[in-house]
Amino acid sequence: MIVKRRGGMTEFIPSPQEKREGLVRDHSFNLIENLHHRLSRLEEELGLPLDEAEACTAFLDKMKQDETLNKEIHTSLITGSSPDS
């Protein structure tokens, strides 16, 4: 973290490495999902069993649901409303 102080103000600037780590973290789920779809397509074309691909699909769907719920909870904590409304 790069810290700049000017006239009583402190500015925190992420380093290039921190920016890169944040970028990878923000897009990692989409990358994993993309790889999963490509591998599933290959497995299907090669006639391999799709049990593991279906389990991975279910797991990724559960992760999406959990992420949506976490965002709703976060928003409700900020706004002071219940997550269901």
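Index from 1, following the sequence. Values reported hereafter were calculated over all heavy atoms of this structure, with side chains retained and with hydrogens, waters and symmetry mates removed.
Applying the salt bridge (Lys or Arg N to Asp or Glu O under 4.0 Å) definition to pairs two or more places apart or across chains, those involving residues 23-41 are E33-K64.
One distance of note links OG of S40 with CG of L35; it measures 10.5 Å at 0.5 Å rounding. Atom-to-atom distance recorded for E43:CD and L50:CG is 6.5 Å, nearest 0.5 angstrom. Note that OG1 of T68 is 11.0 Å distant from CD1 of I73, once rounded to the nearest 0.5 Å.
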Under 3.5 Å, which donor-acceptor pairs link side chains of residues 10-20 to any protein atom two or more places apart or in another chain?
from : atom 1 : to  : atom 2 : distance (Å)
S15  : OG     : E18 : N      : 3.3
S15  : OG     : E18 : OE1    : 3.4
Q17  : NE2    : E21 : OE2    : 3.1
E18  : OE1    : M1  : N      : 3.3
E18  : OE1    : S15 : N      : 2.8

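Remark: K62 engages D66 in a salt bridge (Lys or Arg N to Asp or Glu O under 4.0 Å) (not counting sequence neighbours). Not counting sequence neighbours, the partners of T79 by the side-chain hydrogen bond (donor to acceptor under 3.5 Å, both in side chains) test are S81. E52 is linked by a side chain to side chain contact (heavy atoms under 4.5 Å, CB included) to nothing, counting only residues two or more places apart in sequence or in another chain.
Inter-residue side-chain proximity for L69 and E72 is flagged as met; some heavy-atom pair is nearer than 4.5 Å. H74 has its side chain within reach of I78: a pair of non-hydrogen atoms, C-beta onward, lies under 4.5 Å apart.
Taking Ile, Leu, Val, Met, Phe, Trp and Tyr as members and joining any whose side-chain heavy atoms lie under 4.5 Å apart, directly or through other members, the hydrophobic cluster of I32 also contains F29, F59, L60, M63.
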